[in-house]
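Counting from 1, the numbers follow the sequence of the chain as shown.
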Amino acid sequence: NRALRIRTLYGDSFGVASSLVNIALVYDKLGKKDDALAVNVRVMNISVKNSWHENEVIAKNNMGVIYMEQGKYVEAVKMLENSFAVADTHKLFYLGKRSGLVLAELYAKQGNYKQSLDSYKRYMSFTNSDNKQKLQQNAQLFDVRYRLSQNQRKIDLLNSERAAADYNDK
């Protein structure tokens, strides 16, 4: 709460939203589901207003899970589908995966196995996309490291040639 007060005082909306995500998780772990929902609604509103899609996806996903735990399946589906859609639109595969998996579980609880299967397939699609993104990032990282090592070799060679020329001049 102290961090939240400081961030609010300084007008740090992103910091406020991030602090609220953590507060909502604490309420959820303490079993205070209604308080967790209220805080997640604040996170969602701040995030939507400021186009912070990561926090929006997290808040909607968390709300969907809480609704599911409370047996409010219609609300849960709405939040989870929306979370999944935002994650898909903004290529937030690492966040959207969870919504797809929870949706598959939720639809199965309702006996809607077709929707459950479809949600699981979307989850797998996000997982594959997330893995593809990670593989591409790793490939870029290795490429940068390789280029740096090549440049370092050139620098070392130039330095040794300069040292040899300096030695010959003496």
NZ/NE/NH1/NH2 to OD/OE distance under 4.0 Å, Asp118 and Lys114: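 Here Asp118 pairs with Lys114 in a salt bridge, since their nearest N and O are under 4.0 Å apart.
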
Atom [atom1] in [X], atom [atom2] in [Y]: separation rounded to 0.5 Å?
{"X": "Lys60", "Y": "Asn62", "atom1": "NZ", "atom2": "CG", "answer": "12.5 Å"}
{"X": "Leu106", "Y": "Leu80", "atom1": "CG", "atom2": "CG", "answer": "6.5 Å"}
{"X": "Arg98", "Y": "Ile58", "atom1": "CZ", "atom2": "CD1", "answer": "9.5 Å"}
{"X": "Asp156", "Y": "Glu161", "atom1": "CG", "atom2": "CD", "answer": "11.5 Å"}

For [X] and [Y], work out which heavy atoms get closest and say how close.
{"X": "Ser99", "Y": "Phe84", "value": "CB-CD1, 3.8 Å"}
{"X": "Gly64", "Y": "Ala76", "value": "O-CB, 3.4 Å"}
{"X": "Ala104", "Y": "Ser116", "value": "O-OG, 2.7 Å"}

Pairwise side-chain contact, [X] with [Y], heavy-atom cut-off 4.5 Å (strictly under):
{"X": "Gln110", "Y": "Val77", "answer": "yes"}
{"X": "Lys33", "Y": "Asp28", "answer": "yes"}
{"X": "Leu95", "Y": "Asn61", "answer": "no"}
{"X": "Arg42", "Y": "Asn45", "answer": "no"}
{"X": "Glu105", "Y": "Met68", "answer": "yes"}
{"X": "Arg162", "Y": "Asn159", "answer": "yes"}

Is there a path of hydrophobic side-chain contacts, each under 4.5 Å between heavy atoms, that joins [X] and [Y]?
{"X": "Trp52", "Y": "Ile23", "answer": "yes"}
{"X": "Val48", "Y": "Val43", "answer": "no"}
{"X": "Met79", "Y": "Leu37", "answer": "yes"}
{"X": "Leu103", "Y": "Val65", "answer": "yes"}
{"X": "Tyr73", "Y": "Tyr107", "answer": "yes"}

NZ (Lys78) with more than 12 external heavy atoms under 6.0 Å: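 Atom NZ in Lys78 is not packed in, count stays at 12 or less.
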
Of Arg153, Gln152, Lys154, the residue whose pairing with Gln150 passes side-chain hydrogen bond (donor to acceptor under 3.5 Å, both in side chains):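 Result for side-chain hydrogen bond (donor to acceptor under 3.5 Å, both in side chains) with Gln150: Arg153.
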
Test log, rule side chain to side chain contact (heavy atoms under 4.5 Å, CB included), inputs Ile66 and Met63: CA-CA 5 Å; Ile66 292 170; Met63 292 168 64; 5.8 Å; no

Any donor-acceptor pair under 3.5 Å from Ser83 side chain to Val57 backbone: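 Flag set: sc Ser83 to bb Val57 pair under 3.5 Å.
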
For Val39, the option from Leu20, Val21, Asn22, Asp34 that meets side chain to side chain contact (heavy atoms under 4.5 Å, CB included):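 That would be Leu20; it is the only one of Leu20, Val21, Asn22, Asp34 passing the side chain to side chain contact (heavy atoms under 4.5 Å, CB included) with Val39.
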
